[in-house]
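These notes are about the structure you will find just below.
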There are 2 protein chains.
Amino acid sequence: MNNQDLKKVGLKATLPRLKILELLETVESRHMSAEDVYKKLLEMGDDVGLATVYRVLTQFESAGLVSRHHFDGGHSVFELNQGAHHDHLVCDQCGKVEEFLEETIEHCQHKVAEKFGYKMTDHSLYIYGICPSCQKENKETDS
Amino acid sequence: MNNQDLKKVGLKATLPRLKILELLETVESRHMSAEDVYKKLLEMGDDVGLATVYRVLTQFESAGLVSRHHFDGGHSVFELNQGAHHDHLVCDQCGKVEEFLEETIEHCQHKVAEKFGYKMTDHSLYIYGICPSCQKENKETDS
DNA sequence: ATACTATTGATATTCATTGACATCAGTCAG
DNA sequence: CTGACTGATGTCAATGAATATCAATAGTAT
């Protein structure tokens, strides 16, 4: 079926592209860097080049299949576009990412853009913090 | 006076640091990359190393004198901390950056962090869009 | 099956950023 | 004011993410 999805957005249904799509669909952590994807594919015995992973992810992004996020601290992570829009909560310590949706915030953002006369195209909201389990760990370590 | 400011945060009042602070205070565009700062200093005839610029900016960030932002598209920009906290509205087309503050959003963010049990350390909100003057330009060009 | 073209993989390369280290400049005691 | 201690600097090398190059290869439509 993905075969068709790819063709629909103007991309040939090649092996690496299918593999990457499949990986993004099945993997538990929905937010992966290009490097992550590359390593995971190698682990699974699929032999794709790193350059291909970058290329394909970028193409997927242009095609609207995935979103790219720039979390603080360097490299970007990709996420399969499925389900509704949401923002992200990132743990500074373990890097865990959680998703949330706050209608009030979404609404306010539009109001702000409007107030300034901007035609809003996109927005990104990241909240950084220490997740509950890291907080617990920290307490145990401090002593 | 900056002399004192630096000592207050535990940094020696060295020439490069003073130059960089002064630059950040006087420059018209409040959002500069490390590279920008470096080039500007060279233009002004001040001979500092690029590594120093990075180091100093990072130290300033830790000291709370500046904030670092990761706008989409790679490198980070720094901004002098003066006045209140605010978020950013970035024009996709001309790159202009405007600042705004929305209490409602700020408040909601804290609530979200709390709901998930996170100890919030930071957050970043960027709204991307087309600014009024670019919209006007576009209309004139389309024809 | 064939031929055409987009895609791939390996590698080299760019670009931003950081590390290493010998030299230099601020600071503070005398 | 001077010296001496220590942190800060500049140069240059090194990293790491991401992109460009390009010959070889795989999809696709005929």
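Everything numeric in this text was worked out from a predicted model, so none of it was measured. Reminder, nothing fancy here: chain letters follow the sequence lines and each chain counts from 1.
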Any side-chain heavy-atom pair of D46(B) and K40(B) under 4.5 Å: no
Student check: side-chain heavy atoms of F78(B) and S33(B) closer than 4.5 Å: no
Whole angstrom value for the distance that separates C1' of dC15(C) from NZ of K39(B): 12 Å
Whole-Å distance separating the CE atom of M32(A) from the P atom of dA17(D): 14 Å
Other residues, nucleotides, ligands: >12 heavy atoms within 6.0 Å of K119(A) NZ: no
From I105(A), I127(A), L125(A), D87(A), residue fulfilling side chain to side chain contact (heavy atoms under 4.5 Å, CB included) relative to L125(B): L125(A)
Donor-acceptor pair under 3.5 Å, R55(B) side chain vs dG19(C) base: no
Interface with DNA chain D, restricted to residues 40-52 of chain B and to heavy atoms under 4.0 Å: D47(B), V48(B), G49(B), A51(B), T52(B)
Side-chain N or O of S76(B) closer than 4.0 Å to phosphate OP1/OP2 of dT17(C): yes
Spacing between H75(B) atom NE2 and dT14(C) atom P, to the nearest angstrom: 19 Å
Spatial distance of atom OH (Y128(B)) from atom NE2 (H123(A)) [nearest 0.5 Å]: 11.0 Å
Integer-rounded Å distance: dA16(C) P and F78(B) CZ: 13 Å
Flag, side chain of Q82(B) to backbone of E25(B), donor-acceptor distance under 3.5 Å: no
Contact check, side chains of K115(A) and V112(A), non-hydrogen atoms, under 4.5 Å: no
Nearest-Å distance for atom pair OH/P, residues Y38(B) and dT18(C): 16 Å
Heavy-atom side-chain proximity of V97(A) to E79(A) below 4.5 angstrom: no
Separation between OG of S67(B) and NE2 of H86(B), rounded to the nearest 0.5 Å: 7.0 Å
Angle by which the axis turns from one end of the helix from dA1(C)-dT30(D) to dG30(C)-dC1(D) to the other, five pairs per end, to 10 degrees: 40°
Check: protein-nucleotides 27-29 of chain D nitrogen or oxygen pairs below 3.5 Å:
from: dT28(D); atom 1: OP1; to: A13(A); atom 2: N; distance (Å): 3.3

Over 12 non-hydrogen atoms of neighbours within 6.0 angstrom of NE2 in H107(A): no
Sub-4.0 Å heavy-atom contacts from residues 18-26 of chain B onto DNA chain C, ordered by number: none
Whole-Å distance separating the CG atom of L6(B) from the P atom of dA8(D): 11 Å
Under 4.0 angstrom between Y54(B) side-chain N/O and dT17(C) OP1 or OP2: yes
Residue pair L6(B) / F60(B), side-chain heavy-atom distance below 4.5 Å: yes
For atom CZ of R68(A) and atom C1' of dA18(D), their distance in whole Å: 9 Å
Residues that E61(B) engages under salt bridge (charged side-chain N to carboxylate O under 4.0 Å, His left out), provided they are two or more places apart: R68(B)
Salt bridge (charged side-chain N to carboxylate O under 4.0 Å, His left out) involving E99(A) - partner list, sequence neighbours excluded: R30(A)
Side chains of T58(B) and R55(B), donor plus acceptor under 3.5 Å: no
Interatomic distance, Q59(B) CD vs dG7(D) P [rounded to whole Å]: 13 Å
